[in-house]
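Remarks on the structure that follows.
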Amino acid sequence: MAEANNFIEQIIDEELESGKVSAIMTRFPPEPNGYLHIGHAKSLCLNFGVKEKYNGKCNLFLDDTNPSKEKEEFEEAIKKDIAWLGFSYDRITHASDYYEQIYNYAEKEIELGNAFVCDMSPEEISLNRGTLTEAGKESPNRNRSVEENLKLFREMRAGKYADGEKCLRAKIDMASPNINMRDPVIYRILRETHYRTGDKWCIYPMYDFAHPICDYLQGVSHSLCTLEFEDHRPLYDWVGITLGFNPKPRQIEFARLNVTNLVMSKRYLKKLVEEGKVDGWDDPRMPTLTGIRNRGVPAEALKDFCARIGISKANSEVQISYLEACIRENLNLNAERAMGIKKPLKLTITNYEGSEEVDFEINPNEEEKRTRKVAFSKNLFIDEDDFSLDPPPKYYRLKKDGYVRLKSAYIVKCDDVIIGEDGKVKEVLCSYVKESKSGNDTSGIKVKGVIQWVNADTCRDIEIRDYGYLLKDEEYAGQDFSERMNENSVMIFNGKVEPYVFNRQFGKPYQLIRTGYYKLLDVKGKTVLSQIVSLKDNFNK
RNA sequence: AGGGGUGUAGCCAAGCGGUAAGGCACUGGAUUUUGAUUCCAGCAUUCGUAGGUUCAAAUCCUGCCACCCCUGCCA
């Protein structure tokens, strides 16, 4: 057996060794009330990771016990996102698939004297729950007979009472220091149409009661959830013990994922979508899985990220640079390259006539290197930032009387500069070194700088949007995120749509591999090409 | 305040009584037709803190401190 990847696998290893468990099964349990985000990816990787490691099982379990929040749309989106990540579950299950059985278990609890129908209103229950330091007060209905409880509970199911008029409570301990154990409500009356069961039910089990039952019924051995459920574990166990589950699933908690500056709360994401601040749940700026996919982030990169940050119980916040590093690493290995410039500056090669095609390497990392033909002529554009009239020390790019290589083509020397009326450089006049052609350079000239270029005769304009993330800061609550969008800029590409990936900052290294972060639009006529391009995607087009 | 948790570098995170893995970030240097990549080197005498046990403590014990979660008929 391979070494445990985290403390959960360590626990499982021990249980396996002691014979406490034999078959391993997990479940990924989202509530279908929103789209999955990066945080869910961590849970997905954990649950499916355990399944794969122990040759076990893992279901997709939709926790739909609150019909007022849940929708078919979300369930479908969840399935798509999981498919994108490449995980395959053994079964799709829903809490609603087990409503009848959960109901029967509730009756069993009543018969066992472990549950009672309470007549108090939600407000009264809250008032009598006590505080963190004081015990709560017992409900006057706490000692009803089994027969009466059974009758009342059946009447609840039959629709005899209004919403909130009665509820079923577990009879545990109103003096427990753990507030979750102070006779928690386990069934409530709720007249709400459920997206799967319609109006069949008017009572619904609470998470705390339904979850351990559903886990047990599915054969889940380890129920992995986030830290905030630690206080619920005694209740989870109470249900399993009182109902005699054997083997009883074990709940283990781990820390949820936080990423610096990323808004990860479903509530805010939902608000952004509803208020039209973003184009939808799949807007590339959203930290949702569908959004991040639209950015061009490869699923493998996200999974790699999840594997690298690990699983622990310490509350933590991972720097976004870690996520970016995983994406960059993947893209660097797999993404196609292309040349492009953001701020066009005309460059004319005065001693070059005619045209030819040069070979451009598509991906320097691939074993069998492919190349793409790029038309070369005397009329080119280079980026404004690649030329300097007044170069700082160690400036490797083009300057007056300086040499530079046009990537995949020739070495050129800047002979002259045409200054426009505004005093800015309007055009650069160069001469090329004929023997320096890329691939068989016999010129003997060594240049430090290599710059990109596009052919002015064949290139086309493309508008590009550099998607930032939806950032949060210390006061992100209620903030207008639309101000956070990055500005558009014009990019010129060589011929076809060749998304490029760069983000050049003066004096800083090229950041060539930030591809997939751009949505290309056709400037002319504002036609949306509507492709969110990553170099990898482009490769397939 | 009662209960439940967590504290190892700027950020994640291994470690489980034998003398602090790894990654991100960062800093040097080499290679480079992307100032990228790649490569090589550096980066915690110390594990929240104060004591104790031990030949030996990040690991065991005790006290203290800090942070997170819990008073929905949400999950």
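Below, chains carry the letters A, B, ... as their sequence lines are ordered, and counting in each starts from 1.
In the interface, the side chain of A:Q10 is paired with the base of B:rC16 through a donor and an acceptor atom under 3.5 Å apart. No hydrogens or angles were tested; on distance alone, a donor-acceptor pair under 3.5 Å links the side chain of A:Q319 to the base of B:rG10. A:R233 contributes no side-chain N or O that forms a donor-acceptor pair with the base of B:rG4 under 3.5 Å.
Nucleotides B:rC73 and B:rC12 place their P atoms 34 Å apart, quoted to the nearest Å. For the P atom pair drawn from B:rC55 and B:rG48, the interatomic distance equals 25 Å after rounding to whole Å. When the C1' atom is used for both B:rG7 and B:rU59, the distance is 15 Å, rounded to whole Å. For the P atoms, the distance from B:rG28 to B:rC68 is 37 Å, rounded to whole Å. To the nearest whole angstrom, the two P atoms, one in B:rA30 and one in B:rU45, are 29 Å apart. Nucleotides B:rA44 and B:rC26 have their C1' atoms positioned 15 Å apart, rounded to a whole Å. Distance noted for atom P between B:rA41 and B:rA57: 32 Å (whole Å). Taking atom C1' on both nucleotides, B:rU8 is separated from B:rC67 by 16 Å, rounded to a whole Å.
To the nearest angstrom, C1' of B:rA13 lies 15 Å from CD1 of A:I8. Rounded to an integer number of Å, the gap from CG of A:L235 to C1' of B:rG4 is 14 Å. Between A:K399 atom NZ and B:rG35 atom C1' there is a gap of 14 Å when expressed in whole angstrom units. Per the geometry, CZ belonging to A:R405 stands 16 Å off C1' belonging to B:rG35, to the nearest Å. Taking atom CG on A:N330 and atom C1' on B:rU37, their separation rounds to 14 Å, with Å as the unit. Between A:M181 atom CE and B:rG2 atom C1' the separation is 16 Å, expressed in whole Å. When rounded to the nearest whole Å, the span between CG of A:N258 and P of B:rU6 equals 17 Å.
For A:R328 and B:rA25, the shortest distance from a side-chain N or O to OP1 or OP2 is below 4.0 Å.
In this structure, A:E107 pairs ionically with A:R154, as a charged nitrogen and a carboxylate oxygen lie closer than 4.0 Å. Salt-bridge formation is not detected for the pair A:D385/A:R397: no Lys NZ or Arg NE/NH1/NH2 atom is positioned less than 4.0 Å from an Asp or Glu carboxylate oxygen. Taking the charged nitrogens against the carboxylate oxygens, A:R250 and A:E15 do have a contact shorter than 4.0 Å, which makes a salt bridge.
Residue A:K437 is in base contact, counting any heavy-atom pair closer than 4.0 Å across all strands shown. Among the atoms of the strands shown, base atoms are found under 4.0 Å from some heavy atom of A:S438. Residue contacts for A:P364: at a heavy-atom cut-off of 4.0 Å it reaches a base atom on one of the strands shown. Heavy atoms of A:G136 sit nowhere under 4.0 angstrom from any nucleic acid atom. At the heavy-atom level, A:K448 lies nowhere under 4.0 Å from the strands shown. Here A:S408 lies in heavy-atom contact (under 4.0 Å) with a base.
Annotation: ring-ring contact (aromatic ring centres under 6.0 Å, His included) contacts of A:Y105 (sequence neighbours excluded): A:F245. Looking at residues two or more places apart in sequence or on another chain, you find a side chain to side chain contact (heavy atoms under 4.5 Å, CB included) between A:E357 and A:K373. Looking at residues two or more places apart in sequence or on another chain, you find a ring-ring contact (aromatic ring centres under 6.0 Å, His included) between A:F61 and A:H211. Residues passing the ring-ring contact (aromatic ring centres under 6.0 Å, His included) test with A:Y352 are A:F376, A:Y432, sequence neighbours excluded. With sequence neighbours excluded, no residue forms a side chain to side chain contact (heavy atoms under 4.5 Å, CB included) with A:A307. Residues meeting the side chain to side chain contact (heavy atoms under 4.5 Å, CB included) test with A:S321, sequence neighbours left out: A:Q319. A:P32 is linked by a side chain to side chain contact (heavy atoms under 4.5 Å, CB included) to A:L62, A:D64, A:E70, A:F74, A:E75, A:I78, A:Y195, counting only residues two or more places apart in sequence or in another chain.
When each of A:S321 and A:Y396 is assigned the nucleotide of RNA chain B with its nearest heavy atom, A:S321 is the one assigned upstream, toward the 5' end.
Judged by the 6.0 Å and 45° rule, A:R308 forms no cation-pi pair with A:Y322.
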Check: So what is the 5' to 3' dot-bracket string for RNA chain B, if pairs are Watson-Crick or G-U wobble with both distances under 3.5 Å, crossing pairs use [ ] and | means the partner sits on another strand?
Finding: .(((((((.[[[..)..(...]]].(((((.......))))).....[[[[[..)....]]]]])))))).....
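Taking only side-chain atoms of A:Y322, from C-beta outward, the nucleotide of B:rG35, B:rC24, B:rA14 with the closest atom is B:rC24.
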Next item on the list: Can you check each nucleotide of nucleotides 67-75 of chain B against protein heavy atoms at under 4.0 Å and return B for base, S for sugar-phosphate only, - for none, in 5' to 3' order?
Entry: -SBBBSBBB
